[in-house]
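Report on the structure given below.
Position 1 is the first residue of the sequence, and the numbers go up from there. Nothing here was measured: the structure is a model prediction, and the numbers come from that model.
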Amino acid sequence: MLSDALKKSIQEAYRQFLGLHDLKPRYGQKMMIAQIARTLGNIESNEKGERSSDNHICLIEAGTGTGKTMAYLISAIPIAKAQGKSLVISTATVALQEQLLHKDLPEASRLMAEPVRYILAKGRGRYFCVSQAEKLLEGQGELGQMALYEDEIAQRMEPDAVAYYSELMDRFASGSWDGDRDSLAVELEEEVWQPLTSDHTRCTNRRCSNFSVCPFFKSRDSLDKADVVVANHDLVLADLSLGGGAILPDPAQTIYVFDEAHHLSAKTTGHFAYSLRVRSTERWLKTMSRQLEHMIDECDSQPVLQQYIERMEPAKAEMISSLDQLQMSLRLMLLEGDERPKDRFRFPKGVLPESLTVPAAGIAAAAEKWMLKAEQIVDLFKEALDGGIPEIDKGVAERWYPRMGQMWARSQSIFWLARSYAVADVEGIAPTARWINLIESTDGIDFECRSSPVTAADTLEEHLWKPAYGAVLTSATLTALGQFTRLIDDLGLPPTVACEQLPSPFNYAQAACLKVPKMLADPGKPEDHTQEVSAFLNDCLQKATATLVLFSSWRQMLTIRDQLDDKIRDHVLIQGDLTKNEIIKTHKSVIDEGKPSIIFGLASFAEGVDLPGDYLTEVIITKLPFGVPDDPVDATMAEWIEQRGGNAFMEWTVPEASIRLTQAAGRLLRTEQDSGHIILLDRRVVTRRYGRQLLDALPPFRREIE
């Protein structure tokens, strides 16, 4: 039970917060604090501190202006500290992480009876690897990395790159740079940064000669001492995929707060999606023999190593043979017929024919054998690094350990995809989406085999909700059509999970108007709709001051951009010409100068864009944000719903569109002082049966429907 002392602590922190800002209590914020305190404070534990009760999770939809960040910090921090648990706050965007670290957490810490230690957690990929940089600069200018596909192997470094890498090494050695990618003044392109970092398959940890100065492990030491860890959804999922507690604190000893929780499902399915390019993988396998021979030579033909590699050869031959068989079957299926797909073929219901499952099973079996031997070699080099195999020089072991680790990781990737293709889905559970992308390469077509779960439910239930001590999921948009059902099913949450939909402090009817003008074209006819939208915008944007125009397709956006009057086009900032951050920065600067600015953007601008006050007074949504009809994951999910007797459009497509529409409309009002109007150029909210549901799920804006 929540103790009286904890209640008083939380209440006192909230009173101080209101007093410091001269605020009156917000009903929604008070409700959120109370719900979190009830959920987390009533978790029962055994003598070992392990959770011994259910009902340890709550869902809270809190609209913009509720003050949800301070609500969960004020309530969750004291409870986590009292119960001796780590508090992990996971977000979907860098912007919210920065807000937490530089604004909200410092303030929340000052409100607490005891100091609060907090830190930002990042994966290895954000930190400089000294050993990788040394190898890179000592390796005759070669990028000592193994590309995912053989035809993508990086070329010889240019002299400018060598000079820049040397400069970074000097700055790190002198202490003027801490090795964190995000603390660099210049934003590096991924291909420039990637050779300078590492991952868990290549990192030798404490065996590394540079371990004592490693930026990643220094950050890990700080993380272990923190009360609050700020992470992102990807890092939480990466930790879970490694068994939990590998990067972040142990889930059983952790209370999670998932802010922007509506992203969690898509992040999870993406994290457990697999791919394999058939021809490129075969080429990669053929190059392995040369690399392994070179490795044996450097290790003076160490007998155990020689034995492992000899046993890998038959597995490699089996993989190549099965890949040949798979490629032949795919060629017959996709290239020899009369109706060749342009760039993608999806397997209905995720079911593959026997002509593909048989070679896939062969690849999986051989990849598993190869993978196990690769792991044994990795372990052998670990032992050599510890001095347990004097016949293998430590320097040689340190050089080959990361390379072998990357080979091992690649073989795992091959195995996971092949197994996904070889093993049929269990009847009665959500299927796996499976499809083939046709990739044009210099020597012909390559087949990219892809698979992805259509729902995150089973994965999250098993690896997150069951082991976690407690969890809070919050966002401005958790409900679909006003219900939590879709999210609960999608995330595999228990049906008894506590749900709270909090009222917003905004006076929507007074602050904003939703307009649906009379449109003649059906959005289902893209060309007609584009021409009508173009004519509307050429008229409407003549008097625009601070406008965001949201499109559903690149084609429509670019076509309309080209058809704008010159004097309007001069004020347009369009996605793709600049980065998102640069567009926002430029837009604000132009508005500050008293000039008009118009942003043209796609889905990424429909959420996470914060333009309060005069920075945004008009949002124009050109089309209802239905998902792409040929998306393989959505299409497979739709088939599964129909197979069970449901209506995929009403159960899946419309609820998803409702969430996206609410997010898009939510760009307008960011503070209680904001005002403006939203224009929806899609009459289906009036002419279709589902239209009323979409409108009613939006905040209660004043409506003007022609």
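- Put simply, the side chain of D682 gets close to the backbone of L624: a donor and an acceptor are under 3.5 Å apart.
- Between I89 atom CD1 and T69 atom OG1 the span is 8.5 Å, to the nearest 0.5 Å.
- For the atom pair NE2 of H271 and OG of S241, the computed distance is 4.0 Å after rounding to the nearest 0.5 Å.
- In this structure the side chain of V236 never reaches within 4.5 angstrom of the side chain of V229, judged on heavy atoms.
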D446 vs R277, salt bridge (Lys or Arg N to Asp or Glu O under 4.0 Å): CA-CA, chis, key distance, verdict:
CA-CA 7 Å; D446 199 353; R277 289 191 190 175; 5.3 Å; no

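- The minimum heavy-atom distance between S597 and H587, with the atom names listed, is OG-ND1, 2.7 Å.
- The heavy-atom pair separating R344 from D631 by the smallest distance is NH1-CA, 4.4 Å.
- Separating the CE atom in M519 from the CG atom in D528 is a distance of 11.0 Å, to the nearest 0.5 Å.
- Remark: side-chain polar atoms of Y421 are paired, donor with acceptor, to backbone N or O of R450 under 3.5 angstrom.
- Side-chain contact between H677 and L514: absent, with no pair of heavy atoms (C-beta onward) separated by less than 4.5 Å.
- A donor-acceptor contact shorter than 3.5 Å links the side chain of T687 to the backbone of R683.
- Looking only at distances, a side-chain donor or acceptor of R26 sits under 3.5 Å from a matching main-chain atom of G65.
- Under the rule for a side-chain contact (heavy atoms from CB on, under 4.5 Å), the partners of T671 that lie at least two apart in sequence or sit in another chain are P612, Q673, D674.
- Remark: K580 qualifies as a cation-pi partner of F605 under the 6.0 Å distance and 45° angle criteria applied to the six-membered ring.
- Here D630 does not pair with R346 in a salt bridge; the nearest charged N to carboxylate O distance is not below 4.0 Å.
- In this structure a side-chain-to-backbone donor-acceptor pair under 3.5 Å is missing from S534 to T530.
- Looking only at atom types and distance, the side chain of R38 has a donor-acceptor partner in the side chain of Q35 under 3.5 Å away.
- Annotation: the span from S552 atom OG to I621 atom CD1 amounts to 9.0 Å, rounded to 0.5 Å.
- For F626 and F649, the distance between ring centers is under 6.0 angstrom.
- At most 12 heavy atoms of other shown residues, nucleotides or ligands fall within 6.0 angstrom of atom CZ in R555.
- The shortest side-chain heavy-atom distance between N538 and L564 falls under the 4.5 Å cut-off.
- With sequence neighbours excluded, no residue forms a side-chain contact (heavy atoms from CB on, under 4.5 Å) with S675.
- Residues that satisfy the side-chain contact (heavy atoms from CB on, under 4.5 Å) test with E190, not counting sequence neighbours, are R181, Q194.
- Residue pairs meeting the salt bridge (Lys or Arg N to Asp or Glu O under 4.0 Å) criterion with at least one member in residues 689-706, sequence neighbours excluded: R692-D696, D696-R703.
- Side-chain N/O atoms of S275 and E448 include no donor and acceptor closer than 3.5 Å.
- Looking at heavy atoms from C-beta onward, Q575 lies out of side-chain contact with F600 at the 4.5 angstrom threshold.
- Looking at T39, its side chain never comes within 3.5 Å of a backbone N or O of I36 through a donor-acceptor pair.
- No donor-acceptor pair under 3.5 Å is formed between the side chain of E461 and the backbone N or O of G492.
- S265 and D490 are linked by a side-chain donor-acceptor pair at a separation below 3.5 angstrom, with hydrogens and angles left out of the test.
- Using a 4.5 Å cut-off on side-chain heavy atoms (C-beta onward), I584 and Y615 make no contact.
- Ring geometry, F506 versus Y508: the interplanar angle exceeds 60°, so the pair is classed perpendicular (tilted spans 30 to 60°).
- D104 and Q99 share a side-chain donor-acceptor pair at under 3.5 Å.
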side-chain hydrogen bond (donor to acceptor under 3.5 Å, both in side chains) between E61 and T479, worked out:
CA-CA 7 Å; E61 182 176 84; T479 59; 2.8 Å; yes

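- To the nearest 0.5 angstrom, S90 atom OG is 8.0 Å from Q97 atom CD.
- Distance check: L548 CG to I598 CD1 gives 11.0 Å after rounding to the nearest 0.5 Å.
- In E527, the CD atom is not crowded: 12 or fewer heavy atoms of neighbouring residues, nucleotides or ligands sit closer than 6.0 Å.
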Test log, rule salt bridge (Lys or Arg N to Asp or Glu O under 4.0 Å), inputs D522 and R688:
CA-CA 11 Å; D522 185 338; R688 299 290 197 274; 3.6 Å; yes

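- Every residue meeting the side-chain contact (heavy atoms from CB on, under 4.5 Å) condition with A422, not counting sequence neighbours, appears here in chain and number order: A360, A361.
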Output a table of donor-acceptor pairs, distance under 3.5 Å, between side-chain atoms of residues 462-475 and any protein atom two or more places apart or on a different chain; print 'none' if there are none.
from	atom 1	to	atom 2	distance (Å)
W465	NE1	L491	O	2.7
Y469	OH	S45	OG	2.6
T474	OG1	I60	O	2.9
S475	OG	H262	ND1	2.7
S475	OG	T477	N	3.1

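- The closest donor-acceptor contact from the side chain of E260 to the backbone of T91 lies at 3.5 Å or more, if one exists at all.
- Counting heavy atoms from C-beta outward, Y72 and M32 have side chains that approach closer than 4.5 Å.
- By the 4.5 Å heavy-atom criterion applied to side chains, S420 and R434 are counted as neighbours.
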Between E651 and R486, does the salt bridge (Lys or Arg N to Asp or Glu O under 4.0 Å) criterion hold? Intermediate values first, please.
CA-CA 8 Å; E651 293 179 30; R486 166 73 181 272; over 6 Å; no

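- Under a 3.5 Å cut-off, the side chain of Q556 and the backbone N or O of P526 do not form any donor-acceptor pair.
- Residues L550 and L602 fail the side-chain proximity criterion, which asks for heavy atoms closer than 4.5 Å.
- Here the side chain of T254 pairs no donor or acceptor atom with the backbone of Y256 at under 3.5 angstrom.
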